[in-house]
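We're numbering straight along the sequence, starting at 1.
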Amino acid sequence: MALILSLISDHILTLLVTTVTFVLWWVSQRRRKQPAPGPWAWPLVGHLFLLMRGDKRELFRKLRAQYGDLVGLSVGRQSILVVSGSNMLREVFVKLGKHFDKRPQVFTVQKVGQGKAVVNSSGDVWKEHRAFLLRFMSQAGIGKTTFEANVLEELRPLIKLLESTRGAEFDPRYCIQTAVSNIICSISFGQRFDHEDLEFKELLNIFDENMKVSGATALVNYFPFLEYLPGDLFKCRLCLDNVAKVQRILDTWIKRHVSTLDASEPRDFIDHYVLEMREKVKANSHTTMDDGQLLKFVGDLLVAGTETSATTLRWMLIFLVHHEDVQQTMYREIEKTLDGRAQLSILDKKKMPYTEAVILEGQRLGDIAPFSLPHATTEPVKVGDYVVPSGTLVIPNLNSVHLDPELWENPNEFKPSRFLNGAGEVVRDTEILPFFQGPRMCPGRGLARLELFLFLTSIVQHFQLLPSESEGLPRLDGHVGITYVPFPHRIRFVKRTLRGEE
Ligand code: HEM
């Protein structure tokens, strides 16, 4: 007996550590509900180290090759499902779409996005706000020919500004962002801002900063306690302070705008929202619309409608700088279609298959939302042989479609001709998913297509895009956050001699 007691006391520490580790491991295994096959997970932290390592596009590519189109992961108590490949993405987000149309209850959605309006909401709030947005956009003709004049109004100052660079190397990031966000501002509250407006510049810088720190704050989605650690290591305070700053600016603008509202003549998005909300409240009908939702809604439109279109355009310009031959072919098609006119219209697009192929290829290779936005389940859902548990965070791996070597020969090459058949007609345009698909498909895609066509064709019509003399060709890789963004770069916009000026 004495011998046994002495043995136990000698190894008490080892025993204690082993027992605690085992209990923690067992508890974490019990809590972790892995929704599909995946790699081995560490106790407690699960696949945290795997997800923190390097480029997730590469990681998901490897995991797909090993485990298939559904890969199950976990971090802490959060189960994660990565969905890859065209067929599986369609199965999950279109056929089973209504089971996968929620947003997860995590820091970036609930605290940064406040779970409000349309981008970060779920259930009744999302349904009512998404329906309102679609109705408003359709009634206002946004994305259609009638809206073209609003886009052209932003194009003119942009072209002027590019002309003023006189072919010197120039980073077009800020002026493109200003032009596309001005379109959203005119939709939201009928106002546009000068490219030098300081308050507007501040707003765009804040959006940029929050996009940049999104990688760090994403960890808090899995370990909520990290938000409360001292030192703001995970940039949660910075992110939330930025949201508060944006809301203070927008709140002033919205209040000023509503004070001039004339119910008989609604001017824009805000006016329509306020009138519908007042009507519903007056009629005592159930509604989730209120001032707080409106504030977030306007912010949602600004972020969702600026960063995406601007980043896509920036990638397209980079690809064109790398491919002088593509620029030339596109320019010839533009000149032929213009046939002496000064400005193209969206109606010309169907006569311009090469330009359309350039845009499609730019969207495919630019792949600006490689993982779309996170989705979630709120009940167990059967997908093929697996049951995806309730509360799973679901990642649509759009990169698996856009850069799939099985679908696209040499997928990393910029080759617009892959979207054209032997007769020069556009093909395979439905095989890319830049705007996602299913119930959460981007509601701004009509506007985005209008912007991409008019901005890109106007820039190529007026300028030859050349690399910077000091830095050479812009880099073809970028930074992966919520969106995939080019590294800072400079381009020379050398004015073409237009007909009549020769
Ligand atoms: C090239 C430009 C654009 C691209 C590539 C793009 C792409 C996307 C993607 C991938 C989603 C996420 C779908 C999901 O998984 O939930 C999305 C959502 C959204 N987009 Fe766009 N978008 C673009 C332009 C715009 C514009 C101009 C607007 C402005 C009206 C807009 C408004 C929205 C909104 C409000 C959502 C949230 C929809 C919801 O949650 O129901 N987008 N977009």
| Hey, is Glu431 close enough to Arg418 for a salt bridge, meaning N to O under 4.0 Å? | no
| Is Glu227 paired with Lys111 through a side-chain N to carboxylate O contact shorter than 4.0 Å? | yes
| request: Examine distances only and state if a side-chain atom of His195 and a backbone atom of Thr178 form a donor-acceptor pair shorter than 3.5 Å. | output: no
| field | Axial cation check for Phe419 ring with Arg364, 6.0 Å and 45° limits | value | no
| Which residues satisfy the salt bridge (Lys or Arg N to Asp or Glu O under 4.0 Å) test with Asp268, sequence neighbours excluded? | none
| Distance, nearest 0.5 Å, that separates CG of Asp300 from CD of Gln293 | 9.5 Å
| said: Rounded at 0.5 Å granularity, tell me how far CE in Met352 sits from CD1 in Ile359. | reply: 8.0 Å
| query | Does Asp251 have any salt bridge (Lys or Arg N to Asp or Glu O under 4.0 Å) partners at least two apart in sequence or in another chain, and if so, which? | reply | Lys255
| field | Short side-chain to backbone donor-acceptor contact, Arg440 and Leu373, under 3.5 Å | value | no
| With sequence neighbours excluded, what pairs up with Phe455 under the ring pair (Phe, Tyr, Trp, His ring centres under 6.0 Å) test? | none
| query | So, the side chain of His375 versus the backbone of Arg103: is there a donor-acceptor pair under 3.5 Å, distance only? | reply | no
| said: If you apply the rule side chain to side chain contact (heavy atoms under 4.5 Å, CB included), what do you find for Leu456 with Leu320, and how did you get there? | reply: CA-CA 10 Å; Leu456 197 68; Leu320 289 181; 4.2 Å; yes
| query | Hey, does Arg64 have a side-chain heavy atom less than 4.5 Å from the side chain of Asp69? | reply | yes
| query | Hey, does the side chain of Gln177 reach the backbone of Leu204 with a donor-acceptor pair shorter than 3.5 angstrom? | reply | no
| field | Partner set under ring pair (Phe, Tyr, Trp, His ring centres under 6.0 Å) for Phe189, not counting sequence neighbours | value | Trp253
| request: Mark yes or no for whether His402, through its side chain, and Leu433, through its backbone, hold a donor-acceptor pair below 3.5 Å. | output: yes
| remark: What one should report as the nearest heavy-atom pair of Pro416 and Val326 is CG-CG1, 4.0 Å
| request: Could you tell me whether the side chain of Met277 reaches within less than 4.5 Å of the side chain of Thr287, counting heavy atoms only? | output: no
| remark: In terms of heavy-atom contacts, Phe136 and His272 come closest through CE1-CD2, 3.7 Å
| message | Which heavy atom of Val71 sits nearest to which heavy atom of Ala36, and what is that distance? | response | C-CB, 4.2 Å
| note | With sequence neighbours left out, the residues meeting salt bridge (Lys or Arg N to Asp or Glu O under 4.0 Å) with Asp101 are none
| request: May I ask you to decide if the ring planes of Phe200 and Phe193 are parallel, tilted or perpendicular, using 30° and 60° as cut-offs? | output: parallel
| Hey, is the main chain of Pro172 close enough, under 3.5 Å, to the side chain of Arg314 for a donor-acceptor pair? | no
| task | With rounding to the nearest 0.5 Å, note down the distance linking CG in Leu73 to OH in Tyr67. | result | 9.5 Å
| Rounded to the nearest 0.5 Å, what separation is found between the OG atom of Ser345 and the CG atom of Leu450? | 8.5 Å
| query | Is the Phe225 ring parallel, tilted or perpendicular to the Phe223 ring (thresholds 30°, 60°)? | reply | perpendicular
| remark: Of all heavy-atom pairs linking Ile142 and Leu447, the shortest is CG2-CB, 3.9 Å
| Who pairs with Phe60 by ring pair (Phe, Tyr, Trp, His ring centres under 6.0 Å), at least two apart in sequence or on another chain? | Phe371
| Hey, what do you get for CG (Leu59) to CG (Leu50), rounding to the nearest 0.5 Å? | 4.5 Å
| query | Do side-chain atoms of Asn421 reach the backbone of Val427 as a donor and acceptor pair under 3.5 angstrom? | reply | no
| field | From Ile346 atom CD1 to Leu152 atom CG, the distance as rounded to the nearest 0.5 Å | value | 10.5 Å
| Salt-bridge contact Glu128-Lys280 (side-chain N to carboxylate O under 4.0 Å) | yes
| request: Go through the steps to decide whether His129 and Met289 satisfy the test side chain to side chain contact (heavy atoms under 4.5 Å, CB included), and finish with yes or no. | output: CA-CA 8 Å; His129 284 80; Met289 294 169 97; 4.2 Å; yes
| Glu379 atom CD: more than 12 heavy-atom contacts under 6.0 Å | yes
| query | With a 4.5 Å limit on heavy-atom distance, are the side chains of His489 and Arg173 in contact? | reply | no
| message | Within the structure provided, determine whether Asn221 and Val109 are in side-chain contact (heavy-atom separation under 4.5 Å). | response | no
| query | So do the side chains of Lys56 and Leu51 get within less than 4.5 Å of each other, counting heavy atoms only? | reply | yes
| task | Please tell me if the side chains of Pro370 and Val480 come closer than 4.5 Å, counting only heavy atoms from C-beta onward. | result | yes
| From CA spacing to verdict: side chain to side chain contact (heavy atoms under 4.5 Å, CB included), Ile183, Phe147 | CA-CA 10 Å; Ile183 296 172; Phe147 193 72; 3.8 Å; yes
| Heavy-atom count around Lys382 NZ within 6.0 Å, excluding the residue itself: above 12? | yes
| Where do Gly113 and Asn120 come nearest, in terms of heavy atoms and distance? | CA-ND2, 3.3 Å
| said: Ring-plane angle category for Tyr273 and Phe297, please: parallel below 30°, perpendicular beyond 60°, tilted otherwise. | reply: perpendicular
| query | Given Arg61 and Asn399, is the side chain to side chain contact (heavy atoms under 4.5 Å, CB included) satisfied, shown in steps? | reply | CA-CA 9 Å; Arg61 211 167 292 152; Asn399 174 265; 3.2 Å; yes
| Working for salt bridge (charged side-chain N to carboxylate O under 4.0 Å, His left out), residues Lys245 and Glu209 | CA-CA 12 Å; Lys245 264 192 229 162; Glu209 184 166 57; 5.7 Å; no
| query | Is there side-chain contact between Ser86 and Leu407, with heavy atoms separated by less than 4.5 Å? | reply | yes
| task | For residues Asn150 and Ser186, report the shortest heavy-atom separation together with the two atoms involved. | result | ND2-OG, 4.3 Å
| field | Side-chain heavy atoms of Val485 within contact of Met211, under 4.5 Å | value | no
| said: Taking atom NZ as the centre, does Lys349 end up with more than 12 heavy-atom neighbours from other residues, nucleotides or ligands that are less than 6.0 angstrom away? | reply: yes
| said: For the backbone of Leu476 and the side chain of Trp315, can you confirm whether one donor and one acceptor N or O come within less than 3.5 Å of each other? | reply: no
| Check: Tyr484 side chain, Gly366 main-chain N or O, donor-acceptor pair, under 3.5 Å | no
| Heavy-atom donor-acceptor pair, Thr377 side chain to Thr392 backbone, under 3.5 Å | yes
